[in-house]
Amino acid sequence: MDAAVRKAAGAGIARAPALVLALVAAGAFLISYNFFTMLFHGGGGIGAAVTAGTRDPVVAMPAWMRAAADTEARRRPFHVALTATDAPYSRWQCRVMYFWYKRMQARPGGEAMGGFTRVLHSGKPDGLMDEIPTFVVDPLPAGKDHGYVVLNRPWAFVQWLQKAKIEEEYILMAEPDHIFVKPLPNLAHDDDPAAFPFFYITPSEHEKIIRKYYAKERGPVTDIDPIGNSPVIIKKTILEKIAPTWMNVSIQMKEDEETDKVFGWVLEMYAYAVASALHGVHHILRKDFMIQPPFDTKLQNTFIIHFTYGCDYSLKGELTYGKVGEWRFDKRSFPDRPPPRNLTLPPPGVPESVVTLVKMVNEASANLPRWDDGI
């Protein structure tokens, strides 16, 4: 519309009779009054939904908007990066993990699950090179990990990010003991990565130690998220900045006697959380990212099972954590070979999370070639 037309239209509106404007105002009042009467006093429609306590339409995300958000998440693929060693203990877990990655990627809703790389930080190829896409990187120099093999993880990511061609904009950092139980969308939002909050990562309870690496001038200790590096979905460009800092902080923590003693086996997780805060990166905390049997008993809407803990039960289905059960599944029982095919299922009464875990390991082992060879 050109200027002359707009001017004429404006003049026409200005000359509208006062009666017309009054009618418009009255109509708007009646519509608003009827809407809010229905909203606050019930009588069907939206008001009935509110008074019935089902949901608040003003606050809840409409179904169409949620569907649009899910569609957008599926359009932003992430690359799965799995750090691993060539030890038999690591290999059988990687095979199970990759098996279920491919299954879930192929299902509806798996569009965001992009490429996959096992970042092998043993320095040389192994027997899984033809089965799982693998990128070989060097371990830390001899003695630098102080017997803490996980210290190689940040160094592995530094090398991989520098040398590999990664097409996806986002990266999911994963571990061998992760099993996908349903397709995973991209949970990150633009520059805000998504992470799982661990109950045992508590920076505020260790402020004295944290301040060795995150000075007061940087901000409060609450800036540090209660997370590790995995599972995390993060933009590749942001991880490229964090990774070298993560590596350096991990080594500094390991070489500090007090920090090493207090943080123990989760030291590298704290290092990632601190490194992220040093770069001003804060994560969206997603409790639905994964569950950890046997403490998490239901699948609910989770995406990943993390089988880091041993699952020990009596034949009555009672948890005997801390004591070897009459029935048990613990990945540490298989350090030198994969678990046998067709593991015995848990007794009645054991939670669905544990039952699902064992069934999924069984299905993977039944379909993977040369499983018993422990390649």
Side-chain angles (χ1 to χ4, degrees), residues 81-87 89-90 119-123 137-162 171 173-178 193 195-232 234 238-283 285 292 306 308-309 332 335:
L82 171 70
T83 53
T85 73
D86 61 357
Y89 176 70
S90 178
V119 184
L120 183 63
H121 52 76
S122 299
V137 297
D138 294 325
L140 289 167
K144 196 66 176 178
D145 65 3
H146 302 279
Y148 179 55
V149 68
V150 183
L151 211 59
N152 286 281
R153 183 176 294 151
W155 172 225
F157 270 107
V158 169
Q159 296 174 80
W160 178 64
L161 289 165
Q162 289 177 347
I171 292 170
M173 293 188 282
E175 296 180 20
D177 58 357
H178 289 175
F196 176 79
F198 290 89
F199 70 89
Y200 49 79
I201 302 297
T202 54
S204 296
E205 294 180 11
H206 302 290
E207 182 166 3
K208 178 186 174 186
I209 292 176
I210 292 294
R211 287 305 184 192
K212 294 182 179 183
Y213 315 96
Y214 193 78
K216 287 186 177 180
E217 294 75 21
R218 292 275 187 177
V221 173
T222 51
D223 285 349
I224 300 169
D225 295 326
I227 62 171
N229 83 289
S230 176
V232 167
I234 186 170
I238 297 176
L239 184 58
E240 286 171 341
K241 297 175 182 177
I242 293 175
T245 307
W246 172 27
M247 180 189 70
N248 291 331
V249 173
S250 295
I251 293 173
Q252 291 169 14
M253 285 184 171
K254 188 63 181 175
E255 294 178 346
D256 181 83
E257 185 176 351
E258 182 186 20
T259 306
D260 186 29
K261 181 178 179 180
V262 172
F263 287 167
W265 65 275
V266 296
L267 178 149
E268 168 266 342
M269 298 172 69
Y270 272 102
Y272 175 79
V274 169
S276 298
L278 287 171
H279 286 275
V281 176
H282 298 285
H283 297 69
L285 303 181
Q292 301 184 97
H306 182 209
T308 188
Y309 296 109
R332 296 166 190 81

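We use all heavy atoms of the structure for the numbers below, so side chains are in, but hydrogens, waters and symmetry mates are not. Quick caveat, the model's predicted, so the values are computed rather than measured.
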>> So, taking the atom named CD1 in I234 and the one named OH in Y272, what distance separates them when rounded to the nearest 0.5 Å?
In response: 3.5 Å
>> For a 4.5 angstrom cut-off between non-hydrogen side-chain atoms, does L151 reach K144?
In response: no
>> Rounded to the nearest 0.5 Å, what separates atom OG in S90 from atom CG in L82?
In response: 7.0 Å
>> Do Y270 and T202 make a side-chain contact, defined as non-hydrogen atoms from C-beta onward lying under 4.5 Å apart?
In response: yes
> Nearest heavy-atom pair of D138 and Q159: which atoms, and what distance?
Replying inline: O-NE2, 2.8 Å
>> I'd like to know if the side chain of S250 and the backbone of W246 have a donor-acceptor N/O pair within less than 3.5 Å.
In response: yes
> Where is the tightest heavy-atom contact between A273 and I227, given as atom of each residue plus distance?
Replying inline: CB-O, 3.8 Å
> In chain order, what residues pass the side-chain contact (heavy atoms from CB on, under 4.5 Å) check against V149, with sequence neighbours excluded?
Replying inline: T85, H121, N152
> Does I242 reach the side chain of N229, with side-chain heavy atoms less than 4.5 Å apart?
Replying inline: no
>> Just to verify, what does Q162 make a side-chain hydrogen bond (donor to acceptor under 3.5 Å, both in side chains) with, not counting sequence neighbours?
In response: none
> If you take all heavy atoms of S122 and D86, which pair is closest and at what distance?
Replying inline: OG-N, 2.9 Å
>> Counting the benzene-type ring for Trp, do H306 and F196 have ring centres under 6.0 Å apart?
In response: no
> How about D260 and H146: do any of their side-chain heavy atoms sit closer than 4.5 Å?
Replying inline: no
>> Quick one, T308 with E175, criterion side chain to side chain contact (heavy atoms under 4.5 Å, CB included). Give me CA distance, side-chain angles, the key distance, then yes/no.
In response: CA-CA 10 Å; T308 188; E175 296 180 20; over 6 Å; no
> Closest heavy-atom contact between H283 and D225?
Replying inline: N-OD2, 2.8 Å
>> Going by the rule side-chain contact (heavy atoms from CB on, under 4.5 Å), which residues pair with Y200 if we only count those two or more places apart in sequence or in a different chain?
In response: F198, W265, V266, M269, Q292, Y309
> Quick one: CD1 on I251 to OH on Y148, what's the gap to the nearest 0.5 Å?
Replying inline: 12.0 Å
Anything under 3.5 Å between a donor and an acceptor, one on a side chain of residues 208-217, the other on a protein residue two or more places apart or in another chain? List them.
from, atom 1, to, atom 2, distance (Å)
R211, NE, E207, OE2, 3.4
R211, NH1, Y214, O, 3.0
R211, NH1, A215, O, 3.2
R211, NH1, G219, O, 2.9
R211, NH2, G219, O, 3.2
K212, NZ, D256, OD1, 3.4
K212, NZ, D256, OD2, 2.9
K212, NZ, E258, OE1, 2.7
Y213, OH, T259, OG1, 2.7
Y214, OH, R218, O, 3.4
Y214, OH, D223, OD2, 2.9

> Minimum heavy-atom separation for P226 to P203, with atom names?
Replying inline: CA-CD, 4.5 Å
>> The test is side chain to side chain contact (heavy atoms under 4.5 Å, CB included); show your working for M247 and F157 and say whether it passes.
In response: CA-CA 9 Å; M247 180 189 70; F157 270 107; over 6 Å; no
> Are any side-chain N or O atoms of H279 and backbone N or O atoms of K241, one a donor and one an acceptor, separated by less than 3.5 Å?
Replying inline: yes
> Tell me the salt bridge (charged side-chain N to carboxylate O under 4.0 Å, His left out) pairs involving residues 261-276, sequence neighbours left out?
Replying inline: R153-E268
>> Quick check: do V249 and L278 have side-chain heavy atoms less than 4.5 Å from each other?
In response: yes
>> Restricting to side-chain contact (heavy atoms from CB on, under 4.5 Å), what partner residues turn up for E240, sequence neighbours left out?
In response: L161, K236, T237
